[in-house]
Amino acid sequence: MEMKLIYPKWPKLPNQPEFNLPPVGPTVFAAALPERVKVRFYDENVEPIDFGGSCDLVGISCMLTCQTPRAFELADRFRSEGKTVMMGGIAVMLHAEEAAEHADCVFLGEAEGRMETVISDFENGRLKKVYNYLGDFPDTRLIGTARRDILKRDLYNYRGIQMVDLVHASRGCRFNCFPCCTPYLGGRRFRPRPIDKVVEELESIDNNRLFIVDNSLAQDDEWEKELFRAIAPLKKKWISHPIKDDEEILKLAEKAGCWYVYQAVFDTSDYIRDRIRRYKDHGIGVEGTIILGTDDQTFDDIRRLVDFLLEIDLDLAEFTVLTPFPHSSIAASLEEQGRILHRDWKRYTAGEVVFKPAKMTVDELQWAYQYAWDTFYYDCSKEFKMAKLYLDVMKKEEADGSARELRPNRRRWGREA
């Protein structure tokens, strides 16, 4: 049978460089399908969807809340043309009731070990409206290598440079950060994949640069050490969310090819200053992820925070506005207080204020968000700072013999610093 698998377009933040990463959700889903299912994949962010041609089933994979309006449009169109539509992915789990209004079938939860049943039900004319596996997690040994063969890889270049490929080494997260939906989606239990399976997948990826997209690698010290020792011989260069702030672990991460990390910066403390310094002491770059609009913040607090970011010499900073995504604890709190302004999901990009701040007006917080971007990048463009990180990783690749491409043209990445 044939499936047309769609990844809908979503509105990009105006302050971010315009590039697209190969999506991980659809490739992981495709790996869970029975072998008899032939997949034709369309990422609408990089190519138009071919609405012509025959297919037995349309799958729509949706990661972001701001992606859902387009996903619902596409589902309605395909159904009006007589196609059967199944929807799944993180955003569908967060918007399950709405998705069910637009799809013939909604799949909730993780797909491994479940898709044979779903596809057989479809083939036999008994497809269910909802398959709900939320909270019922599959054995991580069932997680296979993602189907990256469905991707058109040349579409994921940015100014001549191949973007990173995304991969999971674990699922779930034992932490419970206040703006995060992971406790609802993936549970509070850390669920690592077998390390030999992770190594096998990394080896299979035709890209020397990766993004390990786990919520946090700092969940189990011994597992983290074992993972870094196992992947070091691959000479891959990788990005991740936080690594444990431990001297032995940081040394292992450096040897294993850690390129840079996304590190939440939530205050101007010496703890944050020292944490950033220790990453850099091990040759690991840092992109700060900064949420603006928490209840304790005034505009002056945001101004001091941006000054602090410049002082500690972050390589990159990504500013987002606190956003009450469904099924997050912050959404429940703001809903109870009557502070959510609307539910126009297309505007839930994390770049627009959609709630009433505690110590600022809506307009003040929106202005502060733009102020943060403009001030942090006042002397050097986002594109050029990003190019610096790529030049740094190329030096590392040349040093260990893993270099695979020419250096980028600096002038194509923004003005000279």
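Please read these numbers as outputs of a predicted model, since none were measured by experiment. Below, each value reflects all heavy atoms present in this structure, side chains not excepted, and no hydrogens, waters or symmetry copies.
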Salt bridge or not between [X] and [Y]? Use side-chain N to carboxylate O under 4.0 Å.
{"X": "E248", "Y": "K225", "value": "yes"}
{"X": "D301", "Y": "R304", "value": "yes"}
{"X": "D400", "Y": "K237", "value": "yes"}
{"X": "R147", "Y": "D149", "value": "yes"}
{"X": "D245", "Y": "R278", "value": "yes"}
{"X": "D221", "Y": "K244", "value": "yes"}
{"X": "E201", "Y": "R148", "value": "yes"}
{"X": "E112", "Y": "R171", "value": "yes"}

Please check: side-chain N/O of [X] versus main-chain N/O of [Y], any donor-acceptor pairing under 3.5 Å?
{"X": "T140", "Y": "P192", "result": "yes"}
{"X": "D214", "Y": "H241", "result": "no"}
{"X": "Q219", "Y": "S216", "result": "yes"}
{"X": "Q67", "Y": "P8", "result": "yes"}
{"X": "D104", "Y": "V85", "result": "yes"}
{"X": "K152", "Y": "E47", "result": "no"}
{"X": "K9", "Y": "R70", "result": "no"}
{"X": "K197", "Y": "T145", "result": "no"}
{"X": "R188", "Y": "R174", "result": "yes"}
{"X": "S333", "Y": "S329", "result": "no"}

**OP:** May I ask you to check if R114 and Y131 form a cation-pi contact, with NZ or CZ under 6.0 angstrom from the six-membered ring centre and within 45° of the axis?
**Re:**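 No, a cation-pi geometry is absent between R114 and Y131.
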Original post:
When P23 is tested against each of V46, V28, L151 for side chain to side chain contact (heavy atoms under 4.5 Å, CB included), which residue passes?
Top reply: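 Among the candidates, only L151 passes.
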Subject >> Candidate list K385, K388, K280, E287, test side chain to side chain contact (heavy atoms under 4.5 Å, CB included), partner D315, passing option >> reply: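 Of all the options given, the one that passes is K280.
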Original post:
With no hydrogens and no angle check, do the side chains of Y260 and D392 hold a donor and an acceptor under 3.5 Å apart?
Top reply: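 No pair is found: no donor N or O on one side chain lies under 3.5 Å from an acceptor on the other.
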Original post:
Can D296 and T294 be counted as having a side-chain donor-acceptor contact under 3.5 angstrom?
Top reply: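 Yes, because at least one side-chain N or O of D296 sits under 3.5 Å from a partner of the opposite role on T294.
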[atom1] ([X]) with more than 12 external heavy atoms under 6.0 Å:
{"X": "E97", "atom1": "CD", "answer": "no"}
{"X": "K12", "atom1": "NZ", "answer": "yes"}
{"X": "K346", "atom1": "NZ", "answer": "no"}
{"X": "R40", "atom1": "CZ", "answer": "yes"}

**OP:** Name all residues meeting the side-chain contact (heavy atoms from CB on, under 4.5 Å) criterion together with Y184; count only those two or more places apart in sequence or in a different chain, and write none if there are none.
**Re:**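 Counting only residues at least two positions away or on another chain, Y184 forms a side-chain contact (heavy atoms from CB on, under 4.5 Å) with L94, L134, H327.
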[Y] side chain reached by [X] side chain, heavy atoms, under 4.5 Å:
{"X": "W223", "Y": "L217", "answer": "yes"}
{"X": "I119", "Y": "L57", "answer": "yes"}
{"X": "Y369", "Y": "E352", "answer": "no"}
{"X": "V353", "Y": "M360", "answer": "no"}
{"X": "V167", "Y": "I212", "answer": "yes"}
{"X": "E224", "Y": "D246", "answer": "no"}

Subject >> The single option from N45, D43, D165 passing side chain to side chain donor-acceptor pair (under 3.5 Å) against Y156 >> reply: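 The passing option is D43.
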Original post:
How far does SG of C55 sit from CD of E2, to the nearest 0.5 angstrom?
Top reply: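 Reported to 0.5 Å precision, the distance equals 7.5 Å.
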Original post:
Rounded to the nearest 0.5 Å, how far apart are CD1 of I231 and CD of E226?
Top reply: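 Here the interatomic distance stands at 11.5 Å.
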**OP:** Locate the shortest heavy-atom distance separating L365 from L292; write the atom from each residue and the value.
**Re:**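 Result for this residue pair: CD1-C, 4.1 Å.
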Original post:
What pair of heavy atoms forms the shortest contact from P242 to R275, and how long is it?
Top reply: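 Closest heavy-atom pair between P242 and R275: CB-NH2, 3.8 Å.
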Original post:
Would you call the rings of F41 and Y7 parallel, tilted or perpendicular, where under 30° means parallel and over 60° means perpendicular?
Top reply: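 Geometry flag for Y7 against F41: tilted rings.
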**OP:** I would like to know whether R191 and E110 meet salt bridge (Lys or Arg N to Asp or Glu O under 4.0 Å); could you show each step before the answer?
**Re:** CA-CA 13 Å; R191 295 178 288 124; E110 298 176 9; 2.7 Å; yes
**OP:** Any side-chain hydrogen bond (donor to acceptor under 3.5 Å, both in side chains) involving residues 250-259? Give me the pairs, sequence neighbours left out, ordered by first then second residue.
**Re:**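 Counting only pairs at least two positions apart or across chains, the side-chain hydrogen bond (donor to acceptor under 3.5 Å, both in side chains) contacts touching residues 250-259 are E254-H282.
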Original post:
Is there a ring pair (Phe, Tyr, Trp, His ring centres under 6.0 Å) between F107 and F29 once you walk through the steps?
Top reply: CA-CA 11 Å; F107 185 91; F29 169 76; 7.4 Å; no
